[in-house]
2 protein chains.
Amino acid sequence: MFFLKELPTQSMIKQYSEAYFPGQTEEVANQLQGLREFSILLRKLEDYFASHNLSQLRFLVLMVIDREPERNYLYAHEIAERLDVSKPVLSRAIKTLAKDSLLTSKKDNQDARALVLSLTPSSKTLLKSILPGYFQILKNKPT
Amino acid sequence: MFFLKELPTQSMIKQYSEAYFPGQTEEVANQLQGLREFSILLRKLEDYFASHNLSQLRFLVLMVIDREPERNYLYAHEIAERLDVSKPVLSRAIKTLAKDSLLTSKKDNQDARALVLSLTPSSKTLLKSILPGYFQILKNKPT
DNA sequence: AGTATATAGTTACCATGGTAACTATATTGT
DNA sequence: ACAATATAGTTACCATGGTAACTATATACT
């Protein structure tokens with residue numbers, strides 16, 4: 001993600017939005033402001049994850065397995081159901097997570113197509129260690 | 001960008017955030033909710049731009065030139081100042097925009113290092129045609 | 001003048017997002 | 001039973017984000 005460094009609200013909104021949607025520029029300005037703030041928040045999270053050999057996606061894959069009640073594993077397609085990400089991207093993420101010993105991946109006994117994914121001791125430790133910082137970043141309103 | 005399809009507020013926040021920041025889970029939940037909403041908005045914008053042979057970055061490059069007061073051109077490094085994007089990414093975007101006849105790019109007379117970038121008739125027409133839809137998407141609160 | 005530094009842009013390389021098309025296996029329906 | 005369809009995951013390819021290191025030019029400093 002990227003964003004305008006200078007907020008576009010002044011010149012751009014007045015110049016364009018008012019022409020198309022007179023009287024509604026405030027709503028547009030709010031949305032642009034929000035986009036910018038969450039872009040900054042996203043970037044902070046990305047940097048934080050990167051410093052721990054993770055990414056947004058790698059983190060979320062581990063999280064949805066960890067937080068699954070009753071079971072200590074998920075099928076790949078179940079992760080795909082929970083995250084809004086394309087199959088090839090998830091497939092690659094799973095491979096690199098397994099390569100980094102953050103996931104174990106094995107074929108299911110019942111369904112030979114399906115992959116059973118579980119956390120490893122490494123990833124359990126990693127999750128525990130990064131969660132406080134993760135919530136700390138979320139707690140701070142983006143500026 | 002991607003995001004959790006199911007909001008994590010219920011299971012995840014209670015399970016984790018409350019443990020680290022008791023009493024502050026509402027703030028965390030709000031941020032996660034905001035991240036999700038703006039991820040959806042971002043994706044709508046991306047899809048809209050893609051349907052017009054643009055991207056967020058390509059659109060913003062054209063916009064900052066168009067909205068520049070007094071001048072009908074910008075130097076590449078001026079665009080870099082206005083957008084929070086790395087130099088190589090901007091460099092590539094400029095090349096493909098020029099290839100698509102949406103920008104003219106020529107060396108500056110005074111400074112042989114600098115690129116002077118201007119809109120073309122095509123990109124002026126394109127901007128005019130997509131701006132109403134752009135603001136329409138911004139106007140609608142993401143769901 | 002001539003060296004050192006700063007600035008503008010590019011190249012090379014990698015990570016992460018997408019779609020389309022593919023293989024392999026399961027399920028459905030006759 | 002077996003053909004048709006659906007599902008699980010992969011491969012191939014492309015777009016877009018980043019950093020590090022490079023070239024070329026301009027500016028600053030003896």
Side-chain angles (χ1 to χ4, degrees), chain A residues 1-5 39-40 42-61 73-100 102-103 105-117, chain B residues 1-5 39-40 42-61 73-100 102-103 105-117:
Chain A
M1 259 303 293
F2 63 92
F3 41 89
L4 286 166
K5 282 181 183 163
S39 296
I40 292 170
L42 263 179
R43 198 166 275 191
K44 284 185 195 164
L45 287 173
E46 279 167 6
D47 290 348
Y48 180 65
F49 288 136
S51 72
H52 291 279
N53 190 30
L54 288 179
S55 66
Q56 298 257 6
L57 178 55
R58 285 160 66 88
F59 171 73
L60 283 181
V61 168
Y73 65 90
L74 279 181
Y75 293 106
H77 64 268
E78 291 177 315
I79 296 178
E81 279 166 20
R82 286 158 175 73
L83 306 184
D84 200 339
V85 69
S86 67
K87 288 194 299 179
V89 169
L90 180 59
S91 177
R92 184 179 52 199
I94 287 169
K95 277 206 186 64
T96 65
L97 283 168
K99 185 171 60 55
D100 294 347
L102 296 172
L103 270 188
S105 164
K106 57 167 184 145
K107 283 211 171 163
D108 186 52
N109 291 332
Q110 273 70 50
D111 189 336
R113 299 167 303 177
L115 284 181
V116 180
L117 304 168
Chain B
M1 261 303 294
F2 63 91
F3 40 89
L4 285 166
K5 281 181 184 164
S39 297
I40 291 170
L42 262 179
R43 198 166 276 192
K44 283 185 195 163
L45 287 173
E46 279 166 7
D47 290 348
Y48 180 65
F49 287 135
S51 72
H52 291 278
N53 190 29
L54 288 180
S55 66
Q56 297 258 4
L57 178 55
R58 285 161 65 89
F59 170 73
L60 282 181
V61 168
Y73 65 91
L74 279 181
Y75 293 105
H77 65 268
E78 292 177 314
I79 296 177
E81 279 165 21
R82 286 159 175 73
L83 307 184
D84 201 340
V85 69
S86 67
K87 288 194 299 179
V89 170
L90 179 59
S91 177
R92 185 179 52 200
I94 287 169
K95 277 206 187 63
T96 66
L97 283 168
K99 185 170 60 55
D100 294 347
L102 296 172
L103 270 189
S105 163
K106 56 164 186 153
K107 283 212 171 161
D108 186 52
N109 291 332
Q110 273 69 51
D111 189 336
R113 298 167 305 177
L115 284 181
V116 180
L117 305 168

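In what follows, chains carry the letters A, B, and so on, assigned in the order in which the sequence lines appear, proteins first and then strands, with residues in each chain numbered from 1.
Looking at residues two or more places apart in sequence or on another chain, you find a ring-ring contact (aromatic ring centres under 6.0 Å, His included) between A:F49 and A:F59, A:Y134.
B:D47 places its CG atom 17 Å from the P atom of D:dA15, with the value rounded to the nearest Å. Atom NZ in A:K99 sits roughly 12 Å away from atom C1' in C:dA15 (whole-Å rounding). Atom CG in A:N53 sits about 14 Å away from atom C1' in C:dT16, given to the nearest Å. Atom P of nucleotide C:dG18 and atom CD of B:Q56 are separated by 14 Å, given to the nearest angstrom. At whole-Å resolution of the value, CG in B:L42 and P in C:dG17 are 13 Å apart. Nucleotide D:dG17 holds its C1' atom 17 Å from the CZ atom of A:F49, rounded to whole Å. For the pair A:D84 CG and C:dT16 P, the computed distance is 18 Å after rounding to whole Å. Per the geometry, CD belonging to A:E46 stands 9 Å off P belonging to D:dG18, to the nearest Å.
The shortest distance between the side-chain N/O atoms of B:R43 and the OP1/OP2 oxygens of C:dG18 is below 4.0 Å. Close to C:dG17, at under 4.0 Å from its OP1 or OP2, lies no side-chain N or O of A:S86.
Looking at B:K44 and B:Y48, their side chains never come closer than 4.5 Å, going by heavy atoms from C-beta outward. Using a 4.5 Å heavy-atom cutoff, the side chains of B:N53 and B:R58 are in contact. Counting heavy atoms from C-beta outward, B:L60 and B:R82 have side chains that stay 4.5 Å or more apart.
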Open item on the list: I need a per-nucleotide contact map over nucleotides 8-14 of chain D, read 5' to 3'. Cutoff is protein heavy atoms under 4.0 Å; write B for the base, S for backbone only, - otherwise.
Closed with: SBBBB--
Task: CA sep, side-chain torsions, deciding dist, call: B:L97, B:L117, side-chain contact (heavy atoms from CB on, under 4.5 Å) - done: CA-CA 10 Å; B:L97 283 168; B:L117 305 168; over 6 Å; no
Open item on the list: Between B:L115 and B:Y75, does the side-chain contact (heavy atoms from CB on, under 4.5 Å) criterion hold? Intermediate values first, please.
Closed with: CA-CA 5 Å; B:L115 284 181; B:Y75 293 105; over 6 Å; no
